[in-house]
Structures are given as structure tokens and as C-alpha cells.
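Let me begin by presenting the structure, written as C-alpha cells, before commenting on it.
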Amino acid sequence: MTSTQSRPPTGGDVSYQEARQVAEASREKDWARPSFGKELFLGRFRLDLIDPWPTPDPERAAKGEEFLAKLDAYVRSEVDGQQIERDARIPDEVFQGLARLGAFGMKIDEKYGGLGLTNRDYCRGLMLAGSVNPSIGALLSAHQSIGVPQPLKIFGTDEQKQKYLPRLAGGEVSAFLLTEPDVGSDPARLGTIAEPVEGGYKLNGVKLWATNGTVATLLVVMARVPKTEGRRGGITAFVVEGDSEGITVERRNAFLGLRGLENSVTRFHDVFVPADQMIGGEGRGLKIALTTLNTGRLSLPASCVGAAKWSLNVAREWSAARVQWGRPVGQHEAVATKLAFMAATTYGMETMLDLCCMLADDEQNDIRIEAALIKLFASEMAWLIADELVQIRGGRGYESADSLAARGERSAPVEQILRDLRINRIFEGSTEIMHLLIAREAVDAHLSVAGDIIDPDVDLAGKARAGAKASAFYARWLPKLAVGRGQSPASYGEFGPLAGHLRYAERASRKLARSTFYGMSRWQGKMERKEAFLGRVVDIGAELFAISAVCVRARAEKDARPEGLELADLFCRQSRLRIERLFDALWSNTDTVDGKAAKRILDGRYAWLEEGIVPAPGDEPWVAPWTPGPSTERDVRRRIPPA
Ligand SMILES: Cc1cc2nc3c(=O)[nH]c(=O)nc-3n(C[C@H](O)[C@H](O)[C@H](O)COP(=O)(O)OP(=O)(O)OC[C@H]3O[C@@H](n4cnc5c(N)ncnc54)[C@H](O)[C@@H]3O)c2cc1C
């Protein structure tokens with residue numbers, strides 16, 4: 001088979017149904033451990049799954065503190081965040097310095113030369129390093145959360161772990177290559193082929209936007225093994241040596257922010273990969289990617305929490321110092337409300353992240369929904385926080401750090417944080433895709449009992465059987481949604497001033513489940529296309545998780561940090577207003593007319609509205625086609641000398 005022949009159908013060839021099937025097949029379906037998030041969407045408010053607030057193992061915590069202290073000293077004294085921004089490059093010495101500290105092995109077990117830190121300390125490390133320049137956070141997180149270490153940790157063989165993990169812990173950089181020019185949110189279109197050959201596979205394809213791709217010496221590559229007789233085939237994960245013959249790094253991409261990011265276009269032309277470098281078996285690639293992300297997803301919100309803390313710090317100092325109209329701007333109500341939003345939301349995000357990390361560390365709960373909720377919530381909220389910071393800083397918020405410094409002012413790179421943060425709403429699952437992914441879990445109970453009733457492919461007998469099963473489930477489940485602890489004025493009394501918020505959360509979780517059920521009954525199989533409705537359901541779930549987490553944390557810390565109760569109360573008040581607006585919008589919205597309008601917009605009915613401007617130049621295709629074959633480009637790989 002030549003590489004041209006082996007290219008799978010792309011472009012318009014993959015239907016919605018096929019895309020959905022691929023997503024469904026890669027879903028983890030088993031729930032071996034309890035999940036607060038899953039129960040929440042079913043209207044069962046299981047606070048006992050997250051209360052009491054977990055306590056980290058003291059020995060591991062001490063080890064984490066020791067590392068974080070060293071990292072703190074290093075990044076403060078040796079790393080110039082503004083220089084990275086100016087040069088759009090993290091210097092070799094920073095790669096080497098981080099490697100010497102063990103930062104590339106934070107999450108790797110000690111027996112493979114890593115630091116074996118907890119998820120929480122790993123996230124704190126990312127937050128700290130990323131606060132100097134977010135590109136460093138992205139480097140370390142892409143390497144450890146989606147790059148080679150994490151999939152090997154979960155799915156690798158002992159030989160693979162022994163072979164690769166010590167190299168990675170020592171400072172070699174890894175990258176994760178799934179995206180292609182024609183493959184973004186829809187992996188069903190994957191076009192990179194792994195053709196079985198004697199002793200292994202031959203890889204052909206082009207991968208786009210691989211973070212660390214220009215510097216990585218080890219890659220996780222997702223490629224499709226063709227399905228043939230007796231061979232399951234399907235999307236498969238491989239560990240590939242970055243220096244293998246046939247790999248060309250054709251571009252280093254540049255973005256709105258994260259200027260220091262080493263992000264590539266990488267071409268594979270007849271790249272031989274030995275069979276023992278496959279991870280987890282043929283056809284398991286997407287499942288591996290998704291399972292890796294269960295905890296891998298925690299690193300991105302860590303960067304968001306870091307950005308929120310950084311923004312709060314600038315906002316507080318500036319708003320107290322800047323005087324306009326006779327008082328510090330922070331004392332004008334319009335700015336004061338922004339400060340309150342920033343502080344409360346930073347507390348909420350940090351709490352959700354810490355809780356998720358500690359739940360992941362003690363391995364009692366399944367945290368896949370909570371980790372997805374915090375990714376979604378933190379990336380959206382951090383963006384709002386940074387935007388409010390720019391507003392509070394006025395003209396200085398729009399001015400670059402170098403320009404401020406040239407005028408003798410404090411060079412806080414506020415416009416940079418806004419640019420650097422924006423990508424978090426797009427990568428590792430865009431907000432729209434996170435909504436769908438979480439909604440799928442939220443409605444899973446309904447689909448598993450009633451799925452066949454609404455599936456057009458199921459015959460009448462099948463529908464009748466499903467109907468009986470569903471009736472039995474709903475007869476037990478629905479009555480439980482009518483009453484609960486949240487209605488009793490004395491419940492959650494142990495939470496003192498926060499008890500009312502938990503009662504609200506309990507009631508709201510039942511209301512959420514009832515709303516989801518109404519949606520199911522109303523739209524049946526079409527529910528999955530009601531993306532705006534499902535998005536709101538998920539957003540309410542995220543807020544309820546946040547309310548629960550802050551109440552549990554504030555109570556646990558009430559002696560050590562009594563002012564946490566104030567922040568928790570503030571967060572809950574703001575969050576409850578957001579929830580009420582979302583509940584209203586479930587049934588009162590313009591979704592249907594918007595959908596119809598979008599069709600007319602796409603048909604060009606209002607194209608005259610775009611007159612009077614000079615449109616973006618060029619008539620190249622929006623997605624450039626790629627052809628398999630040897631590279632005709634110069635290799636722009638950057639080689640980092642070892643530490
Ligand atoms: C700086 C940067 C770093 C990256 N790093 C990596 C990396 O290390 N490895 C890697 O493999 N990839 C990486 N990516 C790719 C990234 O994961 C993708 O950009 C992301 O998955 C979205 O895909 P896309 O850009 O093709 O958007 P598209 O899939 O084209 O989506 C366009 C828009 O449509 C929405 N959309 C798509 N499908 C649906 C749907 N079914 N329902 C509702 N809305 C939908 C999306 O949310 C988005 O708003 C990176 C990208 C960037 C920009």
C-alpha cells in the first residue's frame with residue numbers, strides 16, 4: 001500500500017453520525033469508583049464524597065514543599081519572563097535549569113528517576129513556573145500531562161516505562177501529536193496512517209500545532225492503523241523517537257499569546273516505528289488520550305488559577321494606589337464589584353482545583369467529571385478575570401510591559417496575560433466540546449435506561465423492552481427528586497454561615513436533574529443536538545460543584561484561616577446568581593431562532609451587512625490541504641543541549 005492510497009477519507013467524508021460513533025467508542029464507560037459529579041447531575045447531592053476536605057500525606061507534602069521552594073528560588077532569580085516574551089523563546093539555560101531541578105519529572109515515579117510529586121504539588125509547580133511566563137507552564141504541562149509520561153504511566157508496559165521514563169525525568173522533552181490540518185475537535189477525520197510492516201509500522205501524515213513539537217525528542221503520535229481482515233485497526237498511540245528518519249519539523253507556529261511556545265507542524269514520511277513502541281494496543285489511541293486527560297486536564301486549570309492569582313495581585317495593588325475622582329479607583333463601586341468578583345472567583349477556582357487534585361491523589365473517587373468541570377470553569381473564568389484586570393488598569397492595561405517600563409512605571413504585563421490565557425478555552429477540549437463531553441456523562445443514566453426508546457434504529461420489540469426498563473428506573477428515581485435535605489432549614493448546620501448555600505446546592509442539583517429529564521422527554525433523541533441547553537446544564541453543574549467545594553474547604557480551614565468563610569460566602573452569592581440566570585435561560589432563550597438565523601447567515605442572506613470594510617486578504621483555502629510524501633521544507637527543529 002502506498003502512502004497516498006492509505007490516506008483515509010477526509011474533508012466532507014465523515015458524517016456527524018460517524019464522528020459521534022468515534023467519540024462514543026473512545027468514552028470510558030465503567031465507573032469503578034464513586035463520582036460526586038455524576039451523582040450531582042442525577043440530583044443526588046453526595047457531599048459525603050468530598051467532605052471532609054482531604055488531607056495530603058505529610059511525607060509527600062514535605063517533599064513537595066521542598067521542591068517548590070527550590071523552584072520558587074530558581075524562577076525568581078534565573079528566569080526573565082519579559083525576555084522570553086521579547087525573544088519569543090525560552091532560553092536553553094532555562095530548559096537546563098528546570099531539568100536540573102527535576103521539573104520535567106515532577107509527575108514521574110521516583111523509581112524511574114522522577115520526583116513522584118502528588119497531583120496537587122505538580123499543579124502548584126506549574127502555577128509557580130507559569131506565573132513568571134505562561135509559556136513555561138505550557139512547556140512543562142504539555143510534556144507531563146499529555147506528552148509521553150502520562151499515557152505510559154497508565155498504559156505503558158514495564159519495558160516502555162524503563163526505557164523512556166528516566167530520559168523524560170532527566171529533562172528530555174515530549175509532545176503529544178493528535179491534531180492535523182483537517183482534524184481538530186473531530187478525531188474521526190484522522191489522516192495520519194500507521195501501516196503495518198515487518199516488525200512494526202510505517203507512519204505517514206502531517207501533524208499540526210504540537211506543543212513542544214520543535215524541541216521534543218520523544219513524541220506520542222496518534223495514527224490510524226487501517227482495518228483489514230483479522231486486524232482490528234483504528235486510531236492508535238505510538239511513542240516515537242523525535243529523531244527518527246523521515247520526521248521533519250516544518251514550521252514553528254506563532255500565536256496571539258504564549259510567544260515562547262515551541263509549537264510545530266511535523267511531517268512523517270515513511271517513519272518506521274517498532275511494534276513495541278505502540279501504547280496499549282491497536283485501536284485504543286483515543287481511549288488512551290481521554291483517560292490520560294482525566295488527571296492530565298488538571299494542569300490547564302492550574303495555569304488558569306495561577307493567572308487569576310497574578311491578576312488579583314496586580315488589581316489589588318493598582319486599585320489601592322491609583323486615585324481618580326478623589327479616591328482610589330478600587331473604592332468606586334464599578335471597580336469594587338470587579339475586585340470582589342476576581343477575589344471570590346480565584347478562591348473558587350483554586351478550591352475546585354485543590355479538591356480535584358487531592359481526590360485524584362487519594363484515588364478514592366472517580367474524578368473524570370470534576371476534572372472536566374474545572375477545566376471548563378477555570379478557563380472561562382480566568383479569561384473574564386484577566387479581561388476585568390485590563391479594564392481596571394485602564395489605558396495601562398492595554399500598554400505593553402516594555403512600554404510601561406520605558407516610562408518608568410511598573411512593568412506588569414497585563415495585556416500579555418489576556419493574550420496568553422485565551423487559548424485555554426480552545427485547547428485540550430474547547431469549551432463547546434467540554435460541554436458536550438460532560439453533558440454526555442450527565443445524561444448517561446437516561447441513555448442507558450431509555451436509549452433504545454429514542455434510537456431510530458431499534459425495532460418495536462426493543463423499544464418495548466427499553467420502555468419497561470425505563471419505567472422501572474424512573475418510578476424509583478423521579479420521586480426522589482421532589483424532596484431532599486436542602487428543604488430542611490436545619491440541615492448542613494455544621495457549616496454555620498455557609499449552611500444556606502449547601503441547602504441551595506442540594507435543591508438546585510435536584511432541580512437540575514428534573515430539568516435534564518424534562519429536556520429528555522421533550523426532545524428525546526434530538527436532545528444531543530440541543531447544545532445550548534446542554535451547555536447551560538453543564539455550567540450549572542460546574543457552579544454547584546464549586547459551591548460545594550468552597551463550603552467544605554472554608555469549614556475545614558475556619559480556624560487557620562477564618563476569612564476563608566467570607567470568601568466562600570462571597571463566591572456562593574455570586575455563583576447562585578449565575579445559576580439562577582442559567583436556570584431561567586434553560587427555558588427562556590433564543591436558541592431556536594438563533595439556529596434558524598445561523599442557517600440564513602451561512603446562506604449569505606445578510607452578506608450585505610459586511611459591506612464597507614476591507615475583508616481579510618487572500619483567497620487561499622481556510623484549511624490547507626496536505627499531501628503525503630517526503631518533506632520539501634527545511635527542518636526547523638531546535639535541539640536543546642542536555643543539562
Ligand atoms: C497554541 C496551541 C497549542 C496546541 N497544542 C496541541 C498539542 O500539543 N497537541 C495537539 O494534538 N493539538 C494541539 N492543539 C490543537 C488544539 O487542541 C485544537 O486547536 C483544538 O482541539 C480545537 O480544534 P480546532 O482548532 O481544529 O477547532 P475546530 O475543531 O475546527 O473547531 C472550530 C470551532 O467549532 C467548535 N466545534 C467543533 N465541533 C463542534 C461540535 N461538535 N459542537 C459544537 N461546537 C463545535 C469548536 O469548539 C470551535 O469553537 C493546539 C492548538 C493551539 C492553538
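Atoms within each ligand, like the ligands themselves, are counted from 1 in listed order. Residue numbers count from 1 along this sequence. Scope of the values below: all heavy atoms of this structure, side chains included, with no hydrogens, waters or symmetry mates.
Atoms CD1 and SG, on Ile367 and Cys357 in that order, are 7.5 Å from each other to the nearest 0.5 Å. Rounding to the nearest 0.5 angstrom, the gap separating the CD atom in Glu528 from the CZ atom in Arg440 is 9.0 Å. Atoms OG1 and CD, on Thr211 and Glu262 in that order, are 10.5 Å from each other to the nearest 0.5 Å. Between Lys227 atom NZ and Glu282 atom CD the span is 12.0 Å, to the nearest 0.5 Å. Between atom CG of residue Leu437 and atom NZ of residue Lys375 there is a gap of 10.5 Å, rounded to the nearest 0.5 Å. Considering CD of Glu543 and CG of Leu512, their distance stands at 12.0 Å, rounded to 0.5 Å.
Relative orientation of the Phe533 and Trp523 rings is perpendicular, given thresholds of 30° and 60° on the angle between their planes.
For atom 30 (O) of ligand 1, the nearest protein heavy atom lies 4.0 Å or farther away. Distances from atom 2 (C) of ligand 1 to the protein include at least one heavy-atom value under 4.0 Å. Protein heavy atoms are absent from the 4.0 Å sphere centred on atom 35 (C) of ligand 1. Protein heavy atoms are found less than 4.0 angstrom from atom 8 (O) of ligand 1.
Residue-ligand proximity, Leu178 to ligand 1, at heavy-atom distances under 4.0 Å covers atoms 11 (O).
Among Trp209, Phe255, Tyr16, the residue whose heavy atom lies closest to atom 14 (N) of ligand 1 is Trp209. Within the set Ser430, Ala532, Ser141, the minimum heavy-atom distance to atom 47 (O) of ligand 1 is found for Ser430. Closest to atom 12 (N) of ligand 1 by heavy atom, among Val183, Val220, Thr179, Thr211, is Thr179.
Phe95 meets the ring-ring contact (aromatic ring centres under 6.0 Å, His included) test with no other residue; sequence neighbours excluded.
Listed by first and then second residue, the salt bridge (Lys or Arg N to Asp or Glu O under 4.0 Å) pairs involving residues 420-432 are Glu380-Arg425 (not counting sequence neighbours).
Under a 4.0 angstrom heavy-atom cut-off, Asn263 registers as being in contact with ligand 1.
Atom 53 (C) of ligand 1 has as its closest protein heavy atom Ile423 CD1, 3.4 Å. The shortest contact between atom 26 (O) of ligand 1 and any protein heavy atom is with Gly184 CA, 3.1 Å. Shortest contact from atom 39 (C) of ligand 1 to any protein heavy atom: Ile433 CD1, 3.7 Å. Closest to atom 42 (N) of ligand 1, if we only count protein heavy atoms, is Glu531 OE2, 3.0 Å. Annotation: atom 48 (C) of ligand 1 to nearest protein heavy atom, Glu432 OE1, 4.3 Å. With respect to atom 16 (C) of ligand 1, the closest heavy atom belonging to the protein is Phe427 CB, 3.9 Å. The shortest contact between atom 37 (C) of ligand 1 and any protein heavy atom is with Ser185 OG, 3.6 Å. The single protein non-hydrogen atom nearest to atom 20 (C) of ligand 1 is Ile426 O, 3.8 Å, given as residue, atom name and distance.
Two residues are said to be in side-chain contact when any heavy atoms from C-beta on lie closer than 4.5 Å; Tyr164 and Leu218 meet this criterion.
Side chains of Thr217 and Glu241: no donor on one and acceptor on the other come within 3.5 Å.
With a heavy-atom cut-off of 4.0 Å, Leu261 touches ligand 1 through its side chain alone. Residue contacts with ligand 1 for Thr431 are absent, since no atom lies close enough (heavy atoms, distance under 4.0 Å).
For ligand 1, none of its N or O atoms has an N or O atom of Leu208 under 3.5 Å away.
Proximity of a side-chain donor or acceptor of Asp635 to a complementary backbone N or O of Thr248 within less than 3.5 Å is not detected.
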